[in-house]
Amino acid sequence: MSEKSGLIQELEALQAKAELELKNIQDSAALQSWRAEYLSRSAEVMSFFKRLPEAPIEDRPRIGQFANQVKTILETQFEKKESAIKQADLDANLQNERLDVTLPGRETTRGRLHIQTLVLREIYRIFAEMGFQVYRSPEVETDENNFELLNIPAYHPARDLWDTFYTTKPGVIMRTHTSPGQVRAMREFAPEPIRVTLPGMCYRYEQIDASHEIQFNQVELLAVGKNITFGDMKGTLEEFAKRMYGESVRTRIRPSYFPFVEPGGEMDVECFVCGGKGCSVCGGKGWLEILGCGMVHPVVLRNGGYDPEVYSGFAAGLGPERISMLRYRIDDIRNFWGNDVRFLEQF
Ligand code: FA5
């Protein structure tokens with residue numbers, strides 16, 4: 001009998017202790033450790049079930065029943081406390097993080113097209129109005145297309161002007177200009193007449209400065225057909241400059257040398273900074289070069305599949321970054337691909 005009352009007394013003391021501790025608990029971390037202490041498998045209440053064989057056999061059901069009762073009471077109290085703490089946490093959160101619907105919303109930043117995407121599209125549009133369609137050609141090119149077929153054999157000194165980046169595959173390079181696309185277009189369309197623009201990135205092993213990048217866009221222009229003259233080229237390029245910069249723009253074409261044209265030239269636009277007087281931006285010349293051009297060389301026509309006795313053509317290579325610099329008065333080419341949003345968001 002004494003053993004029975006002893007176990008029950010112990011249980012009663014444990015229940016009182018657990019209830020007192022639970023009463024003082026204020027947060028869920030403390031509540032969880034209370035649960036581990038009094039209600040887990042290894043908790044004290046549970047040990048009473050293991051100790052039942054210590055009691056006389058006739059007392060065991062009563063002690064077991066009482067232990068179960070204590071366990072259920074503690075579980076119920078635990079649940080009550082748990083929901084009380086959850087409610088208190090929720091109330092505190094609502095109090096601290098109260099939503100003020102009158103506050104202005106956060107502004108979302110809108111994406112936009114890159115200045116060069118816009119300018120390239122404008123160049124395509126202007127030439128499309130004159131009957132030129134866009135023809136894409138690859139940025140990774142063969143030495144043959146980039147140089148040989150453009151009348152620049154391996155020993156030719158002009159190769160120095162267009163040094164580039166080489167791939168690990170012999171004879172495969174990053175193109176230095178869009179001119180290799182000329183041969184690709186000619187070989188696809190010969191002997192039909194051609195009017196195409198060939199846009200895209202070019203790569204050069206180059207000293208970077210305010211007007212030179214190692215990676216930049218070009219747009220090649222190519223027209224091939226019967227009776228195409230230097231006058232057609234001049235008219236097309238002058239019309240382009242007017243549509244790009246306005247009717248009053250002043251341009252000039254000077255003689256220049258490119259192995260894949262004969263005769264060759266370069267077109268300048270009057271310097272936007274000094275208005276033609278000469279300054280540091282134009283190197284004192286009063287003019288800024290925007291493109292190379294000329295009549296397609298007979299060797300190149302033949303390489304493209306056209307008989308130079310019957311067909312003629314003109315080609316030009318424009319630098320869209322330089323065209324944007326002139327149009328928007330940008331004094332450093334490095335702004336275009338430097339990814340500074342303060343520059344890019346102005347367009
Ligand atoms: C050429 O690349 C010739 N393929 C152009 C050509 C085509 C001539 C068809 C005749 C017939 P050039 O190296 O000058 O030529 O480059 C042409 C244009 O590309 C330049 O006027 C300039 O606007 C731009 N350009 C050249 N190098 C760079 C560079 N490092 N950074 C930015 N733009 C450049």
Side-chain angles (χ1 to χ4, degrees), residues 2-55 59-121 201 213 215 321 324 328 330 332-347:
S2 64
E3 181 58 33
K4 180 191 73 181
S5 67
L7 275 181
I8 287 186
Q9 270 171 14
E10 269 185 59
L11 268 166
E12 281 169 348
L14 182 73
Q15 182 184 358
K17 183 173 167 252
E19 283 174 345
L20 183 68
E21 280 177 27
L22 188 64
K23 214 171 136 192
N24 293 328
I25 283 174
Q26 303 293 344
D27 61 82
S28 56
L31 184 66
Q32 289 312 323
S33 39
W34 181 90
R35 181 193 214 174
E37 191 176 343
Y38 294 104
L39 291 174
S40 67
R41 277 172 183 279
S42 57
E44 276 185 68
V45 186
M46 301 299 173
S47 71
F48 279 90
F49 292 102
K50 284 187 205 141
R51 285 172 61 196
L52 276 183
E54 292 170 22
D59 292 337
R60 286 180 201 167
R62 203 156 72 84
I63 298 169
Q65 218 175 6
F66 188 62
N68 262 329
Q69 212 176 311
V70 171
K71 187 174 160 260
T72 314
I73 290 170
L74 291 183
E75 274 168 359
T76 314
Q77 288 183 354
F78 168 82
E79 278 160 22
K80 265 197 204 154
K81 188 77 179 187
E82 191 179 40
S83 62
I85 287 177
K86 272 192 187 148
Q87 188 59 46
D89 283 351
L90 189 65
D91 290 346
N93 281 348
L94 285 175
Q95 195 61 32
N96 297 337
E97 299 165 15
R98 197 184 290 159
L99 183 67
D100 183 349
V101 290
T102 63
L103 279 176
R106 261 188 221 132
E107 215 180 311
T108 47
T109 41
R110 290 181 64 195
R112 66 184 72 216
L113 291 176
H114 190 279
I115 171 180
Q116 284 316 96
T117 305
L118 296 170
V119 167
L120 281 168
R121 287 185 183 179
M201 275 288 174
E213 267 282 16
Q215 181 183 340
E321 276 79 333
S324 299
Y328 298 110
I330 297 162
D332 197 320
I333 200 168
R334 286 166 286 200
N335 284 315
F336 290 102
W337 309 112
N339 259 350
D340 187 336
V341 179
R342 289 168 302 176
F343 169 75
L344 296 174
E345 68 189 2
Q346 294 175 49
F347 304 95

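The structure displayed is predicted, hence computed values, not measured ones.
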Quick one: CD on Gln116 to CH2 on Trp337, what's the gap to the nearest 0.5 Å? 5.5 Å
Please tell me whether Gln87 and Asp91 have a donor and an acceptor in their side chains that are separated by less than 3.5 angstrom. yes
Arg62 and Ile8: side-chain contact (heavy atoms from CB on, under 4.5 Å), yes or no, with the steps? CA-CA 9 Å; Arg62 203 156 72 84; Ile8 287 186; 4.1 Å; yes
Can you check whether Leu113 reaches Arg121 side chain to side chain, under 4.5 Å on heavy atoms? yes
Could you please spell out the steps behind the side-chain contact (heavy atoms from CB on, under 4.5 Å) verdict for Phe347 and Val119? CA-CA 10 Å; Phe347 304 95; Val119 167; over 6 Å; no
Report the relative orientation of the aromatic rings in Phe78 and Trp34; use parallel for angles under 30°, tilted for 30 to 60°, perpendicular for over 60°. parallel
From Ser324 atom OG to Leu120 atom CG, the distance as rounded to the nearest 0.5 Å: 7.5 Å
Rounded to the nearest 0.5 Å, how far apart are CZ of Arg334 and CG of Asp340? 13.5 Å
Can Thr109 and Val341 be said to form a side-chain contact (heavy atoms from CB on, under 4.5 Å), step by step? CA-CA 11 Å; Thr109 41; Val341 179; over 6 Å; no
What closest approach, in Å, do Ala43 and Glu37 show between heavy atoms, and which atom pair accounts for it? CB-O, 3.2 Å
Would you check if the side chain of Arg60 reaches a backbone N or O of Pro53 as a donor-acceptor pair within less than 3.5 Å? yes
List the residues meeting side chain to side chain contact (heavy atoms under 4.5 Å, CB included) with Asn93, not counting sequence neighbours, and say none if there are none. Glu97
Flag, side chain of Asp332 to backbone of Asn335, donor-acceptor distance under 3.5 Å: no
Lys81 (side chain) donor-acceptor with Ile25 (main chain) under 3.5 angstrom: yes
Do Leu7 and Asp59 come within less than 4.5 Å of each other through their side chains, counting heavy atoms only? no
With Glu19, which of Lys17, Gln15, Lys23 fulfils side-chain hydrogen bond (donor to acceptor under 3.5 Å, both in side chains)? Gln15
Answer whether the closest heavy-atom distance between the side chains of Tyr38 and Leu14 falls below 4.5 Å. yes
Calculate, to the nearest 0.5 Å, the distance between atoms CD and CZ belonging to Gln346 and Arg112 respectively. 9.5 Å
What is the distance from atom CD of Gln69 to atom CG of Leu74, rounded to the nearest 0.5 Å? 11.0 Å
Note, Glu75 side chain near Arg35 side chain (heavy atom, < 4.5 Å): no
What's the shortest heavy-atom distance between Ile63 and Leu11, and which atoms? O-CD1, 4.4 Å
For the atom pair OG (Ser83) and CG (Leu90), what is the distance rounded to the nearest 0.5 Å? 12.0 Å
